[in-house]
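In what follows, a structure is listed as structure tokens, so that the remarks can point back to it.
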Amino acid sequence: MGGDPYTQALVNTVKNSEISGLFNKIADILEIKNENPFRIRAYRKAALNIEGLPGDIEDVALKGKLGDIPGIGKDLAGKIQEYLSTGKINDYEKLRKEIPEGVLSLMNIPAIGPKKVWFFYKELGIDSLEKLEEAAKEHRLQKLPGIRQKTEENILKGIGFVKRSKGRTHLGIAWPLANAIVNALEGVDGVKELQAAGSLRRMKETIGDIDILVDSSKPDKVMDAFVSLPIVGEVLSKGATKSSIRTKDGLQVDIRVVKSKSWGAALAYFTGSKAHNIRLREMAMKKGLKISEYGVDKGGKRIAGKREEEIYDVLGLPFIPPEIREDTGEVEASLEGKLPDLVELKDIKGDFHLHTDWSDGVLSLKEMSEAVREKGYSFAAITDHTKSLVVARGVDEKRLLEQNKEIKKLNKKLKGIKIISGAEVNIMSDGTLDVSDKVLKELDWAIASIHSGFQQSKEKITWRILQAMKNPFIKAIAHPSGRLLGERDAYELDWDAVFNGARQTGTALEVNAYPQRLDINDIACRRAKELGIKVVINTDAHTRDQLNYMKLGVSVVRRGWLEPRDVLNTLPLEEFLKALRK
DNA sequence: GCCGTTTTCGGCCCGACTGTTTTCAGTCG
């Protein structure tokens with residue numbers, strides 16, 4: 001395993017999240033114990049920075065560079081070292097004896113924070129979700145001062161939410177929903193501007209909740225319209241400038257109304273990431289400026305805030321696109337004038353992973369071809385499943401050659417679009433492909449992917465992929481990690497070997513834009529770019545609507561800092577085909 | 001517990017909303 005930061009991030013950030021998890025737990029306990037809030041914040045900040053570290057913390061520790069991580073001083077560096085060498089942090093072991101694990105877990109319930117957790121534990125000995133639920137149902141909480149019916153109800157609701165919570169929602173669901181909300185509120189009286197912010201605007205692959213920001217002279221109208229939307233399942237709060245609802249599907253949506261003069265500052269603030277905002281605020285402080293969600297102040301005077309660009313302007317920074325606001329080097333790049341010229345949807349000239357009714361797709365060859373032409377692309381590849389994928393009615397070699405002929409005929413008739421005949425070839429569990437070279441040779445484009453044997457060893461699966469890469473007709477590996485967000489983890493893979501293989505054989509890696517896949521992910525994209533490996537963004541569409549997923553794929557590579565030259569889809573056809581010569 | 005071209009000590013972000021109060025504490029982002 002090499003020491004490259006991005007590969008490490010992909011395969012081995014286990015220690016990072018273990019340590020950041022422990023620091024957060026320490027912070028929770030200190031909070032419950034009502035300790036110095038700044039000490040608590042120090043732990044939280046350190047946890048955030050460790051979680052967002054682009055490499056393995058063990059490597060950083062080996063180089064003696066722990067102190068270089070923002071928020072890590074002598075004490076916390078010592079605790080990290082202690083954990084890496086002994087697997088434990090002694091101080092934490094002491095703290096957890098004071099506050100049982102079950103008590104800590106109550107912090108996850110909405111409406112419950114450190115004060116109530118401690119209060120319930122101290123007064124009623126409540127140390128688990130179940131005990132709290134029982135106490136609330138028996139109205140025993142109401143016997144305590146400051147707790148009445150409403151609080152008890154909210155606690156029960158919160159427990160219910162935690163119990164059925166499915167965790168984060170993927171972009172494929174959140175993105176259209178946010179758009180629908182924005183569209184529905186656009187026409188409300190007094191609304192000047194309206195936009196989704198938060199992790200959704202940064203296009204993270206999964207999001208916790210949706211944040212909508214509104215510039216309106218009549219906030220009450222916005223609030224009324226918002227809580228009356230048909231998607232609303234429950235109104236969590238409704239105020240003059242801030243409201244929250246939970247949709248019928250359980251997704252929380254927050255809305256916030258600001259004045260025009262604060263629009264830009266609020267947009268920056270609510271877009272985040274938190275780590276990025278902290279960096280900006282720190283820079284501002286050094287310049288004697290103060291950034292808040294309302295604007296930028298200098299000596300108590302407001303000097304910026306109306307437009308988001310102004311926030312970066314006053315700091316002397318070029319505008320940083322939302323997708324890379326993660327404090328993983330974008331501030332430095334901006335300072336040095338080295339921000340990437342990120343790929344845009346309009347740069348995409350084709351889609352190279354499409355299914356038709358020859359296998360498990362819905363559209364005919366002709367319908368799919370016309371659908372891609374409508375998307376404004378000048379070329380596309382049909383890549384139906386091959387024979388061993390029986391569940392998807394994979395095509396055998398004979399049918400594949402027939403389809404190839406059909407496509408040639410179709411190309412003569414169709415105007416404004418060039419269809420490339422291809423296939424999504426199965427990588428069998430023994431590393432062979434289920435289509436012969438003789439047939440692959442007839443195709444313009446073949447991608448290979450794993451659809452079976454997910455449980456094999458890391459070495460075996462890696463080897464299978466490397467075998468496929470060595471085949472001169474395989475131009476790209478489709479959905480390389482095999483993960484399905486919220487459903488299935490990625491199979492185990494030696495990513496160093498996969499990246500090396502891709503580089504040596506000139507094989508591209510796919511960014512599959514299917515919302516459950518988004519595979520390879522943003523971090524891997526950044527790694528690929530560093531190594532000069534090309535990526536190709538494909539929708540894997542089986543229907544007309546799914547062609548729209550391209551937007552999600554583009555957002556993945558944008559988060560991975562990719563520029564048009566890093567992405568095969570941006571090339572004109574001739575150059576595309578030339579780039580494929582292995 | 002961290003940090004430093006104002007500082008090695010004394011700062012460190014705070015406003016909105018709810019539910020309980022009768023002027024405010026707790027939670028959240």
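Residue numbers begin at 1 in each chain, while the letters A, B, ... track the order of the sequences.
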With a 4.0 Å cut-off on heavy atoms, is [X] in touch with a base, just the backbone sugar-phosphate, or nothing at all?
| X | answer |
| --- | --- |
| A/Phe270 | nothing |
| A/Asn154 | sugar-phosphate |
| A/Lys274 | nothing |
| A/Lys286 | nothing |
| A/Ile40 | nothing |
| A/Ala46 | nothing |
| A/Glu153 | nothing |
| A/Lys45 | nothing |
| A/Lys287 | nothing |
| A/Pro110 | sugar-phosphate |
| A/Ile278 | nothing |
| A/Pro145 | nothing |

Can you tell me which nucleotide in [options] comes closest to the side chain of [X]?
| X | options | result |
| --- | --- | --- |
| A/Arg148 | B/dG1, B/dT18, B/dT21 | B/dT21 |
| A/Arg41 | B/dA16, B/dG1, B/dC12 | B/dC12 |
| A/Ser237 | B/dG1, B/dA16, B/dC17 | B/dC17 |
| A/Lys150 | B/dG19, B/dG1, B/dC12 | B/dG19 |
| A/Thr151 | B/dT20, B/dC28, B/dG1 | B/dT20 |
| A/Gln252 | B/dG29, B/dC14, B/dA16 | B/dG29 |
| A/Pro114 | B/dC28, B/dT27, B/dC13 | B/dT27 |

*Is there a Watson-Crick or G-U wobble partner for B/dT8 with both distances under 3.5 Å, and if so, which one is it?*
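Because no pair has both required distances under 3.5 Å, B/dT8 counts as unpaired.
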Side chains of [X] and [Y]: is there a donor and an acceptor less than 3.5 Å apart?
| X | Y | answer |
| --- | --- | --- |
| A/His170 | A/Glu205 | no |
| A/Glu326 | A/His276 | no |
| A/Ser260 | A/Lys192 | yes |
| A/Asn154 | A/Glu152 | no |

Looking only at atom [atom1], what distance separates [N] and [M], rounded to whole Å?
| N | M | atom1 | answer |
| --- | --- | --- | --- |
| B/dG11 | B/dA16 | C1' | 25 Å |
| B/dT22 | B/dG29 | C1' | 28 Å |
| B/dG1 | B/dT6 | P | 28 Å |
| B/dT23 | B/dC17 | P | 23 Å |
| B/dT20 | B/dT27 | C1' | 13 Å |
| B/dC13 | B/dC2 | P | 16 Å |
| B/dT8 | B/dG15 | P | 29 Å |
| B/dC14 | B/dC9 | P | 25 Å |

*Identify, between A/Gly239 and A/Glu152, the residue whose nearest nucleotide on DNA chain B lies closer to the 5' end.*
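The residue mapped nearer the 5' terminus is A/Gly239.
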*Identify, between A/Gly67 and A/Asp254, the residue whose nearest nucleotide on DNA chain B lies closer to the 5' end.*
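Mapping each residue to its closest nucleotide by heavy atoms, the 5'-most match is A/Gly67.
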*Identify whether NZ of Lys or CZ of Arg in A/Arg256 sits under 6.0 Å from the centre of the six-membered ring of A/Phe270 and within 45° of that ring's axis.*
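Judged by the rule, A/Arg256 and A/Phe270 form no cation-pi pair.
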*A/Arg325 NZ/CZ over A/Tyr312 ring centroid, <6.0 Å and within 45° of normal*: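 Pair A/Arg325/A/Tyr312 does not count as cation-pi.
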*asked:* Can you give me the closest heavy-atom contact between A/Leu267 and A/Ala197, atom names plus distance?
replied: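 Nearest pair, atom of A/Leu267 first, then A/Ala197: CD1-CB, 4.4 Å.
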If I take atom [atom1] in residue [X] and atom [atom2] in nucleotide [N], what distance separates them, rounded to the nearest angstrom?
| X | N | atom1 | atom2 | result |
| --- | --- | --- | --- | --- |
| A/Lys33 | B/dG1 | NZ | P | 12 Å |
| A/Leu30 | B/dC12 | CG | P | 21 Å |
| A/Glu293 | B/dC17 | CD | P | 11 Å |
| A/Met107 | B/dT27 | CE | C1' | 10 Å |
| A/Ile50 | B/dC2 | CD1 | P | 11 Å |
| A/Lys298 | B/dT6 | NZ | P | 13 Å |
| A/Glu31 | B/dG1 | CD | C1' | 15 Å |

_Per the ring pair (Phe, Tyr, Trp, His ring centres under 6.0 Å) rule, what does the pair list look like for residues 92-117 of chain A, sequence neighbours excluded?_
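Every candidate ring pair (Phe, Tyr, Trp, His ring centres under 6.0 Å) pair involving residues 92-117 of chain A fails, so no pair, neighbours aside, qualifies.
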*Output yes when at least one side-chain N/O atom of A/Thr241 is less than 4.0 Å from OP1 or OP2 of B/dC17, else no.*
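Indeed, a polar side-chain atom of A/Thr241 lies that close.
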